[in-house]
Amino acid sequence: MRLATWNVNSVKARLPRLLGWLEETRPDVVCLQETKCRADMFPAAEVGELGYETAAHGDGRWNGVAVLSRVGVADVTRGLPGEPVYQGAAEDDPQTRLTEPVLTRPEARAIGATCGGVRVWSLYAPNGRTPDSAHYLYKLEWFAALREALAAELSEGAPLVACGDYNVAPTDEDVWDPAVFTGSTHVTPAERRALAELRALGLHDVIPTPMKGPRPYTYWDYRAGMFHKDMGMRIDLFYANDAVVRRVRSAYVDREARKGKGPSDHAPVVVDLDTDPG
DNA sequence: ATGTCCCAGTCTCTGGGA
């Protein structure tokens, strides 16, 4: 069974590349993030022609997550119980308030589905912007809601995967130059503590093989030739419980998908599992 | 590092977000 997670940075803009990648890579289950697409606008028919069922959760312009599966989609959950609502715009200056309406409902950052006997979560953590911002506090609150949701599901011990764009580099090894990130989000102790609390629930970080270069980065900024200089970050994570980890045969970063014309700024992480021993 | 890409609305440019 082949699973993958990929922040596509707009499923509409990436559709030709997504379809080509699905045909070439043939994953059984794909978790997508930053689809930037309302659920009813998701190109389900196009991926359906390749044999995939879709479960999508989207609110339009930003965010958006989905699960594609050719081994079934059941028990779809959109959002997290108790997930926070970002109120930052209300605290900003009056001009911002005029142009950016205060959110009244949660953002589309989590969707869960059961696919081929595995409970799968596609996750897109808030960016956090700067550590002194309201958005950073929102990010930490979102992780707290995620922890509660996963704790409830993990208590059964059934196979579970929580993968996606966590917008946190777990260690200094997971950024190209730790000195550059001093004072920035993605590396703060509180964010890393949020990841540690998830692992304390019984989740394990399935670290992929980089394929090229010393580190398995999954994201490289579009600007300044960052990809070609391998100045990246590992922020797309594949967290799995014991029932999944003991079946992991291999895992890799598909950096080929970051090359060429019109790529996402993230590369997919692909994980192959042995057949469930039963 | 701040060199690009994507989105929607103000719509062949701008501002916001990452």
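Chain letters run A, B, ... following the sequence lines, proteins first and then strands; every chain starts at 1.
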Q: With a 3.5 Å cut-off and no angle check, do the side chains of Asn241(A) and His204(A) form a donor-acceptor pair?
A: no

Q: Which is more 5' along DNA chain B, the nucleotide nearest Gly225(A) or the one nearest Asn63(A)? Just name the residue.
A: Gly225(A)

Q: Considering only atom P, compute the distance from dC7(B) to dA1(B) and round it to an integer number of Å.
A: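 Their P atoms lie roughly 29 Å apart.
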
Q: If I compare all heavy atoms of Gly82(A) with all of Ala145(A), which pair ends up nearest, and what's the gap?
A: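 Minimum heavy-atom contact is O-CB, 3.8 Å.
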
Q: In whole angstrom, what separates Trp220(A)'s CH2 from dA18(B)'s C1'?
A: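 Value for this atom pair: 16 Å.
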
Q: Just how far, in rounded Å, is P of dA1(B) from CG of Asp230(A)?
A: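 Answer to the nearest Å: 17 Å.
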
Q: My understanding is that only residues two or more places apart in sequence, or in another chain, count here; which of them pass ring pair (Phe, Tyr, Trp, His ring centres under 6.0 Å) with Trp220(A)?
A: Phe227(A)

Q: What is the per-nucleotide protein-contact pattern of nucleotides 5-14 of chain B, from the 5' end, where B denotes a base atom under 4.0 Å from a protein heavy atom, S denotes such proximity for sugar-phosphate atoms only, and - denotes neither?
A: SSBB------

Q: For nucleotides dT10(B) and dC5(B), find the distance between their P atoms and express it as a whole number of Å.
A: 26 Å

Q: Using a heavy-atom cut-off of 4.0 Å across all strands, would you classify Tyr124(A) as base, sugar-phosphate, or nothing?
A: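 It contacts sugar-phosphate atoms only.
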
Q: To the nearest Å, give me how far apart CG (Asp177(A)) and P (dT2(B)) are.
A: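 From Asp177(A) CG to dT2(B) P: 13 Å.
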
Q: Rounding to the closest angstrom, what is the interatomic distance between dC11(B) and dG16(B) at atom C1'?
A: 16 Å

Q: Does any donor atom in the side chain of Trp121(A) or Glu153(A) lie under 3.5 Å from an acceptor atom in the other side chain?
A: yes

Q: Could you state the CG-P distance from Asp265(A) to dA1(B), rounded to the nearest angstrom?
A: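 So the CG-P distance, Asp265(A) to dA1(B), works out to 19 Å.
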
Q: Using whole Å, report how far OH of Tyr217(A) lies from P of dA1(B).
A: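 Rounding to the nearest Å, OH of Tyr217(A) and P of dA1(B) are 14 Å apart.
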
Q: If the plane angle is over 60° it's perpendicular, under 30° parallel, otherwise tilted; pick one for Tyr219(A) and His266(A).
A: tilted

Q: Please measure how far the P atom in dA8(B) lies from the corresponding atom in dT2(B), and state the result in whole Å.
A: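 Their P atoms lie roughly 29 Å apart.
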
Q: Starting at atom CG of Asp236(A), determine the distance to atom P of dA18(B), rounded to an integer number of angstrom.
A: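 Value for this atom pair: 15 Å.
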
Q: Can you measure Lys229(A) atom NZ to dT4(B) atom P for me and round it to whole angstrom units?
A: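 To the nearest whole Å, that distance equals 12 Å.
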
Q: Students often get this wrong, so: under 4.0 angstrom with heavy atoms, is Met231(A) touching a base, only sugar-phosphate, or nothing?
A: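 No contact at all - Met231(A) keeps every heavy atom at 4.0 Å or more from the nucleic acid.
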
Q: Taking only residues at least two apart or on different chains, which pairs with a member in residues 44-54 of chain A satisfy side-chain hydrogen bond (donor to acceptor under 3.5 Å, both in side chains)?
A: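 Checked against side-chain hydrogen bond (donor to acceptor under 3.5 Å, both in side chains) - neighbours excluded - no pair reaches residues 44-54 of chain A.
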
Q: Grab the OH-C1' distance between Tyr86(A) and dA18(B) for me, whole Å please.
A: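 So the OH-C1' distance, Tyr86(A) to dA18(B), works out to 14 Å.
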
Q: Given that Ser184(A) and His266(A) both sit by DNA chain B, which one's nearest nucleotide is further toward the 5' end?
A: Ser184(A)

Q: Looking at every heavy atom in both His135(A) and Asn127(A), which two are closest together, and how far apart are they?
A: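 For His135(A) and Asn127(A), the tightest heavy-atom pair comes out as CE1-N, 3.7 Å.
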
